[in-house]
Amino acid sequence: MQLNIKHTFTEELPSDPITENYRRQVKEACYSYVVPKQTKKPEILHISEEMIHTLGLSTKDMNSQMFKNVFTGNLVLENTTPYAMCYGGHQFGNWAGQLGDGRAINLFEVEHNNKQWQVQLKGAGETPYSRTADGLAVLRSSIREYLCSEAMYHLGVPTTRALSLALSGDEVMRDMLYDGNQAYEKGAIVTRVAPSFLRFGNFEIFAARQDHKTLKTLVDYTITHHFSHLGKPSKENYIHFFAEVAQRTLDMIIHWQRVGFVHGVMNTDNMSILGLTIDYGPYGWLEGFDFGWTPNTTDSQHKRYRYGNQPNIGLWNLYQLANALYPLIEETEPLETILETYKSDFERKSLEMMRSKLGLTINDDKDNTLVENLEDAFLLTETDMTLFFRNLSNFKKGDAAKGLEIVQAAFYMPKEVSDAVTQQWNNWFESYDVRLKKELLSDAERKTKMNAVNPKYVLRNYMSQLAIDDANKGDYKLIDELFQLLKKPYDEQLENEKWFAKRPDWARHKVGCSMLSCSS
Ligand code: AMP
Ligand code: MG
C-alpha cells in the first residue's frame, strides 16, 4: 500500500503529553495519541472506489488483507501516529465543555494530486474523550453515515466522504430508543475522509479555557493549511477567515434546504470549519415538505434542529464561533457585520435557490410570494418534496390546468383533496404559469435546468432502513445497490424507477424511517 503520508496536524500542533488511554480533561493540546482497538473478526462490507483513487490507493489495495486491517484499526501503518482530537461544543444551545473525538481516531494525513486528506476511523474504540461511552459504533448508524455522505457528495452538497464500511466482528450494546431495552448489535467501523475534521468546537474549547495561545496556534494552522488563499495569518485575516467560514456554512445549509436534508444534531461540535456536512447521526430526508420536521426523537420536544430552523441555527453557531475567535480579533464590529451579512445573504440565496428549483432564471419582485404560496400548498396535500420538484419540470407553459395532474403523484393525501384544496393548487399553477411567461427558456430548456438542481433520487429514510434490515441478516447487496443509485442522483435511471416513489405506508411511523435517536 503506497500512500503519500503527511503529518501536518501532529507536527504543527501541540499534543497531549499523556499517551495512556484513559478518560480525562486534556488541556493546552489539540489532540491525544491513541491506538485503535483490535477487533475480533474484521470484515470489509463496502469500499468507495472513487475514494480509493482520490487517496492514491489502487484497486489491488482494495482486496488486500492490509487494507482490511488498516481500515478497521487492526494495523497501524509504520510511520503513522493515530490520534483523537480535543474539542468542545454547544449542545442543544448549552455549553457542554470538553467533548472531543470520543469514537473517532485519525489514522494519518494523505496528500494526493495536490490535495490534503485526513483519514479517520469512526467506531474504532475508546479515546481520552470517550466520557461515559464505549468508543464504538453499530452497523445501522454506520451504514447510514457511509451511504449518506457519499450520496450528499454526488448531490453536490459539501460533505465529508467515506472510504469504507466494515464490520468489527464485535458486539456492541445499545439502547436504540432510550427506553430501557438494551440489546447487542453488530459493531461497525466507517473510514471517513475529509481535508480536515476540525469543527467550531475545536476553537471554542480553547476560548472557553482562556487558552489564547493554543487558540491562536490552531487558527494559524487552519488558515495556513485550509484557507491559504487568504494569505498569512494576521488579525485582518482572522476576520476574513471568519467571513469565509460564515459564507461556507450558509452555502452548505442552502444546499441542505434544496435537497431536503435535515441534519438532526447541529451542535457546534458537529459544525465543520470547512463548511462540510459532518457527523451523520439522526439525520433524515424530507418526504412531506414541512418546515417543522425533524427526524431526531431526542429533539422532538423543542425541535431546535427542524428543517426550517437550520439556517437560523447556522447563524447561532456562527455567533459561538465569533465569540471563540474574538480574543484574537478584539473588535466586535467586523464580526457583527459578518453575522448581519449572513442574515441578508440567507434571504437572498434562499430565494435564488427556490427560483432555481422552480426553473426561474430572472428575478421578479413577487417571487417571494410565489414561493410562500407554494409552501402553503405543500402542507395541504402532504407533498413529497423530491417527487414534486422533479415532476414539476414536466410543466408546460400555458397549460396551468394540467399542473395538478403533473405533480399529483407527490401527494400523500390524494384521496382527501377537497374542492378548496384543488382550487388553491390550481391558483398556484395559474400564478406559476403567469410567472413563467416572463422567462425566455423553452419548456425543454427549463426542464433540463430544473433536473440539474432537483434530484430524482435521494436516500429516503426507509431506503437506508431496508439496507440495514438486510445487512443485519447478513445480506449486503442493497448497500451496494443504493450506493450505485445515489452516484447519479440527477439522472434518469429507468431501471431504478422503484426508488422514484413516495415513501411506502409501512414506513410512516417505523423506527429508523421517520424516527431516530442519537443512540448509534
Ligand atoms: P454526537 O452527538 O454523535 O455528535 O457526539 C457528541 C459527542 O459524544 C462527541 O464527542 C462524540 O465523540 C461522543 N460520542 C458519541 N457516541 C460515542 C460513543 N459511542 N463512544 C464514545 N464517544 C461517543
Ligand atoms: Mg459529533
Side-chain angles (χ1 to χ4, degrees), residues 21-26 30-32 34 36-37 39 73 82-106 118 120-142 144-146 148-149 159-160 162 168 170-176 178 182-190 192 194 196-205 208 262-274 276-284 294-299 304-305 313 317 320 516-520:
N21 195 349
Y22 64 91
R23 274 93 162 149
R24 59 184 173 270
Q25 292 290 308
V26 174
C30 293
Y31 59 94
S32 306
V34 55
K37 181 177 181 270
T39 79
Y83 60 94
M85 291 197 267
C86 179
Y87 55 80
H90 279 85
Q91 298 186 315
F92 298 95
N94 304 305
W95 175 243
Q98 178 182 298
L99 298 166
D101 284 333
R103 55 166 166 180
I105 298 180
N106 299 278
Q118 246 183 343
Q120 150 178 124
L121 303 181
K122 182 168 176 178
E126 308 171 306
T127 76
Y129 310 96
S130 298
R131 297 179 293 154
T132 58
D134 56 11
L136 304 174
V138 293
L139 182 57
R140 63 183 151 82
S141 57
S142 304
R144 284 168 48 82
E145 169 136 20
Y146 182 75
C148 198
S149 60
T159 179
T160 60
S168 63
D170 295 315
E171 303 236 285
V172 175
M173 179 78 96
R174 285 290 179 270
D175 181 355
M176 186 164 72
Y178 297 132
Q182 294 208 342
Y184 277 112
E185 300 187 42
K186 291 183 191 182
I189 298 170
V190 173
R192 310 199 287 191
S196 168
F197 288 97
L198 285 169
R199 303 135 192 272
F200 290 12
N202 289 80
F203 302 86
E204 286 180 274
I205 189 76
V262 185
H263 182 285
V265 202
M266 292 176 72
N267 293 334
T268 56
D269 51 300
N270 290 337
M271 298 296 291
S272 143
I273 202 72
L274 300 184
L276 307 172
T277 312
I278 192 171
D279 280 12
Y280 291 82
Y283 69 81
T294 175
N296 184 357
T297 52
T298 314
D299 189 28
R304 179 179 171 89
Y305 298 139
I313 292 294
N317 289 340
Q320 310 318 312
L516 294 142
S517 76
C518 284
S519 163
S520 59

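Atoms within a ligand are numbered from 1 in the order they appear, just like the ligands themselves. Along the sequence shown, residues are numbered consecutively beginning with 1.
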Can you check salt bridge (charged side-chain N to carboxylate O under 4.0 Å, His left out) on Glu126 and Arg23, steps first, answer last? CA-CA 9 Å; Glu126 308 171 306; Arg23 274 93 162 149; 2.8 Å; yes

Side chain to side chain contact (heavy atoms under 4.5 Å, CB included) for Leu139 and Glu185? Distances and angles first, verdict last. CA-CA 7 Å; Leu139 182 57; Glu185 300 187 42; over 6 Å; no

Taking the six-membered ring for Trp and the full ring for Phe, Tyr or His, determine whether the centres of Tyr146 and Tyr280 are under 6.0 Å apart. no

At a cut-off of 2.8 Å, protein N/O/S around the Mg ion (ligand 2) gives Asn270 OD1, Asp279 OD2

Distance-only, no hydrogens or angles: does the Ser517 side chain make a donor-acceptor pair with backbone N or O of Met176 under 3.5 Å? yes

So, the side chain of Asp299 versus the backbone of Thr294: is there a donor-acceptor pair under 3.5 Å, distance only? no

Sorted by chain and number, the residues that approach ligand 1 to under 4.0 Å with a heavy atom: Tyr87, Gln91, Leu99, Gly100, Asp101, Gly102, Arg103, Ser130, Arg131, Ala133, Asp134, Gly135, Leu136, Arg174, Asp269, Asn270, Asp279

Hey, are Lys37 and Asp134 close enough for a salt bridge, meaning a charged N less than 4.0 Å from a carboxylate O? no

Please determine whether the number of non-hydrogen atoms from other residues, nucleotides or ligands lying under 6.0 Å from atom OH of Tyr184 exceeds 12. no

Could you tell me whether the side chain of Asp101 reaches within less than 4.5 Å of the side chain of Tyr87, counting heavy atoms only? yes

Lys NZ or Arg CZ of Arg144 over Tyr283 ring: under 6.0 Å, within 45°: yes

